[in-house]
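Proteins get letters first, then strands, A, B, ... in listed order; numbering begins at 1 in each.
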Protein chains: 2
Amino acid sequence: MTTRWLTPEEQRAWRAYVAASLLLEDTLDRQLQQDAGMPHLYYTILAYLSETPERRLRMTDLAEKLKITRSRLTYAVARLEKDGHVRREACKWDKRGTVAALTDEGMAVLERTAPGHVATVRATLFDHLTPEQVSQLEEICTAVERALQGDGSEAAPAPEGLPWLRRSSSSPPSPPSSSSPPSSSCGS
Amino acid sequence: MTTRWLTPEEQRAWRAYVAASLLLEDTLDRQLQQDAGMPHLYYTILAYLSETPERRLRMTDLAEKLKITRSRLTYAVARLEKDGHVRREACKWDKRGTVAALTDEGMAVLERTAPGHVATVRATLFDHLTPEQVSQLEEICTAVERALQGDGSEAAPAPEGLPWLRRSSSSPPSPPSSSSPPSSSCGS
DNA sequence: GTAGGTTGTTTAAAACTTGAACCAAAGGTG
DNA sequence: CACCTTTGGTTCAAGTTTTAAACAACCTAC
């Protein structure tokens, strides 16, 4: 096949996207580095952890969600652990496994920095969009996400409990319930 | 003011955007690194240069377009120059200035890798969007760009001559025309 | 229990970014 | 012209982040 080039419309959209995402990512990185002392990716790691019922996730799952290599994640988590935002724990049912658990301190950082983060997100993005555009953006990004990740919230549009960018009344202890024993092999 | 949190719609849009842009950027970086031996940012530098009538741009202009520090750009251009994709030239009318010029080899790289790049862009983005969504995306990103950059193509929607992501019949010599002498101070 | 795939870490090297310091050329101003 | 301030761009010395390859422990299945 002789390469289907982009149509003029697609070209314009692509060029605009590249410029905008560069600007956005850069602004966010700067703000978070300044405000939370970590780059956006690391912040996102904490955020993902915070959205989980148990506030913890296996390394591999996390790496897959973030679409980064395990090696890279190891480094990132090591850094976050050093800073006390995350704690490593052994995986109960799979002795190879490691789960990264958000510490209370990590949660606190998330809560403390959320206002500034939200403000930046507003200033750079939502302040310039109409409500229609907001939902269009959601549609578009969801489509991409679904296509590339093959997974994600197909039927669960919003984890609803998410403290991410929302006020959350200081961490309720969250009742114990094993995260996801692989449906087989349980006891020793 | 007590922080205007994101509405549920905005939250969903934001979450989707973050996930999608992570995925996209990562996929692109990987593909370009693999295929053209450089990260997306560097590729974008070449692309910007290629869109210019003279295929050259002053460092400062380039840095502004990319919204990166001059220091960072210096490093990037040094790398691109070492690889032969770009050549540094003195600026005629301002002896402080440096212009980065795309070499034929750099142009060749762009042309050689364009098909793969387009394919990736299609596979990750446009294949999943309706024509309406494409133009919505353009609108949205343009709004962000305009807001954050305060500049950009306000009245010039598409540089039209751009070889970026389009077939371009092997570099026509492009007639000489000084890029942009600052409209004053011409002679010695 | 043994081959084969996973999980996660380690290691060393490389790539990239930052920020401050710096120099040379411009641009005023008196 | 001498002086001072800006601007354009590079350099330097950290520092951070990423990668790739090698590895050890574990699980699975034959």
Side-chain angles (χ1 to χ4, degrees), chain A residues 22 25-26 29-34 36-45 56-64 66-83 86 88-101 180-188, chain B residues 22 25-26 29-30 32-34 36-45 56-83 86 88-100 179-188:
Chain A
L22 246 172
E25 188 57 23
D26 210 71
D29 255 350
R30 242 173 255 294
Q31 185 263 320
L32 284 174
Q33 189 67 56
Q34 161 87 204
M38 65 185 83
H40 190 204
L41 177 65
Y42 288 39
Y43 190 89
T44 306
I45 292 178
R56 67 199 65 217
L57 233 36
R58 274 191 74 160
M59 295 296 276
T60 296
D61 297 341
L62 202 44
E64 257 167 30
L66 295 164
K67 209 73 177 179
I68 64 180
T69 63
R70 278 167 305 168
S71 177
R72 187 174 170 185
L73 181 61
T74 294
Y75 179 92
V77 169
R79 207 263 228 189
L80 289 172
E81 186 171 35
K82 182 170 67 61
D83 294 347
V86 151
R88 272 176 163 87
E89 294 172 356
C91 180
K92 304 281 186 189
W93 65 83
D94 185 341
K95 285 189 184 155
R96 292 170 302 181
T98 307
V99 316
S180 60
S183 79
S184 67
S185 76
C186 266
S188 58
Chain B
L22 245 173
E25 188 55 24
D26 211 71
D29 256 350
R30 243 174 254 293
L32 283 174
Q33 190 67 56
Q34 160 86 205
M38 66 185 84
H40 190 202
L41 177 65
Y42 287 42
Y43 189 89
T44 305
I45 292 178
R56 70 200 61 216
L57 233 36
R58 277 190 73 158
M59 295 296 277
T60 296
D61 296 341
L62 204 43
E64 257 167 31
K65 256 194 219 300
L66 295 163
K67 208 73 176 179
I68 64 181
T69 62
R70 278 168 306 167
S71 175
R72 188 174 171 186
L73 180 60
T74 294
Y75 180 91
V77 168
R79 207 263 226 189
L80 289 173
E81 186 170 36
K82 182 169 68 60
D83 293 349
V86 150
R88 272 178 164 86
E89 295 173 356
C91 180
K92 303 282 186 187
W93 65 83
D94 184 343
K95 284 189 183 156
R96 293 170 302 183
T98 308
V99 315
S179 291
S180 59
S183 80
S184 66
S185 75
C186 266
S188 58

Which listed nucleotide (C:dA26, C:dC16, D:dC26) is nearest to the side chain of B:Arg96? C:dA26

B:Pro39, nearest nucleotide to its side chain (from C:dC16, D:dT10, C:dT18): C:dC16

Closest non-hydrogen atoms of B:Arg79 and B:Pro39, given as atom of the first, atom of the second and distance, are NH2-CD, 4.1 Å

Can you tell me if A:Arg79 touches the phosphate of D:dT16, counting only side-chain N or O atoms and a distance under 4.0 Å to OP1 or OP2? no

Assign A:Thr98 to base, sugar-phosphate, or nothing according to its heavy-atom contacts below 4.0 angstrom with the strands shown. sugar-phosphate

When you measure from the side-chain N and O atoms of A:Arg88 to the phosphate of C:dT9, is any distance below 4.0 Å, counting only OP1 and OP2? yes

Taking atom C1' of C:dA26 as reference, at what distance in whole Å does atom CZ of B:Arg58 sit? 11 Å

Between D:dT17 atom C1' and B:Arg72 atom CZ, what is the distance in whole Å? 12 Å

Rounded to whole Å, the CG-P distance (A:Asp29 to C:dC16) equals 16 Å

Per nearest nucleotide of DNA chain C, the residue lying toward the 5' end, A:Asp94 or A:Arg30, is A:Asp94

Distance, rounded to the nearest Å, where B:Leu62 contributes CG and D:dG8 contributes P: 14 Å

Nearest of C:dT18, D:dT18, D:dT19 to any side-chain atom of A:Leu41? D:dT18

How far apart are the closest heavy atoms of A:Met59 and A:Ala100, and which atoms are they? SD-CB, 4.3 Å

State which of D:dA20, C:dC16, D:dG8 makes the closest approach to the side chain of B:Tyr75. C:dC16

Can you measure B:Asp83 atom CG to C:dA14 atom P for me and round it to whole angstrom units? 15 Å

Which nucleotide sits closest to the side chain of A:Tyr42: C:dC16, D:dT18, D:dT11? D:dT18

In whole Å, I'd like the distance from the NZ atom of A:Lys92 to the C1' atom of D:dC27. 19 Å

Test your reading of the model: is there a side-chain donor-acceptor pair from A:Glu89 to the backbone of A:Ala101, 3.5 Å cut-off? no

Nucleotide D:dT11, atom P - distance to CD of B:Glu81 in whole Å: 10 Å

To the closest 0.5 Å, what do you measure between CG (B:Leu41) and CG (B:Leu32)? 11.0 Å

For DNA chain D, whose closest nucleotide is more 5', that of A:Lys95 or that of B:Thr60? B:Thr60

Closest-nucleotide 5' rank along DNA chain D - winner of A:Thr69 and B:Arg70: B:Arg70

With a 3.5 Å cut-off and heavy atoms only, can you find an N or O donor on one side and an acceptor on the other between the side chain of B:Thr74 and the base of D:dG9? no

Electrostatic pair A:Arg30:A:Asp26 at N-O distance under 4.0 angstrom: yes

To the nearest angstrom, the CE-C1' distance between B:Met38 and D:dT18 comes to 18 Å

